[in-house]
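Input: a single structure, listed below in structure tokens.
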Amino acid sequence: MTDPAANCLFCRIIRGDIPAKKVYEDDHVFAFEDINPQAPTHVLVIPRKHFAGLKEAQSQDAEIIGRCQLAAAEIARRRKIEQGYRTVLNVGPGAGQSVFHLHVHLIGGRPLAWPPG
Ligand code: 5GP
Ligand code: ZN
């Protein structure tokens, strides 16, 4: 069976095959600047372990999803955007998911309207 990580864009970024501006990393999580930022801070926080998205996540992935959220909070703290920021998981093409390696968007540094589009 083909390894889904082999051709996954974000797995390739983690491996260093594709350059990205690294923001944060630890044993479980990797974070980098979004190539098409929608706000002054737009960082993608991803698990090192490949899985396609929230829909595909299983109970054993609960901890790593939490770690991604906590890494986003730490990045927001360091960037002093805690007055207001958003963490977003786009789930499925209908919600705009275009890369099928789970990623948390950290968006902030400007006023954020609600509801999102
Ligand atoms: P999605 O649309 O799946 O929720 O989010 C994918 C995000 O990945 C988009 O915000 C897009 O700008 C970003 N992205 C796509 N390709 C690359 C890339 O090669 N490098 C980086 N740094 N970001 C990317
Ligand atoms: Zn991947």
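In what follows, every heavy atom counts, from backbone to side chain, and hydrogens, waters and symmetry copies are set aside. We count ligands from 1, going down the list as the structure has it; atoms in each ligand are counted the same way. Predicted model only: the values in this text are computed from it and were never measured.
Ion pairing between a basic and an acidic side chain is recognised when a charged N comes within 4.0 Å of a carboxylate O; Glu33 and Arg79 show such pairing.
Contact detail for Cys68 and Val45: the closest heavy-atom pair is O-CG1, 3.5 Å. Considering all non-hydrogen atoms of both residues, His50 and Pro4 come closest at NE2-CB, 3.8 Å. Minimum heavy-atom separation, Ile65 to Ala57: CD1-CB, 3.8 Å.
A centroid separation of less than 6.0 Å is found between the aromatic rings of Phe32 and Phe10.
The number of heavy-atom neighbours closer than 6.0 Å to CD of Gln60, taken from other residues, nucleotides and ligands shown, is above 12.
Evaluation of the salt bridge (charged side-chain N to carboxylate O under 4.0 Å, His left out) rule for Arg48 yields Glu25 as partners, not counting sequence neighbours. Not counting sequence neighbours, the partners of His105 by the ring-ring contact (aromatic ring centres under 6.0 Å, His included) test are His42, His103.
The immediate protein surroundings of ligand 1, defined as residues with any heavy atom under 4.0 Å of it, consist of Leu9, Phe10, Ile13, Phe32, Glu33, Asp34, Ile35, Asn36, Leu44, Asn90, Gly96, Gln97, Ser98, Val99, His103, His105.
Excluding waters, the set of protein N/O/S atoms under 2.8 Å from the Zn ion (ligand 2) reads Cys8 SG, Cys11 SG, His50 ND1, His101 ND1.
In this structure a side-chain-to-backbone donor-acceptor pair under 3.5 Å is present from Glu56 to Gly53.
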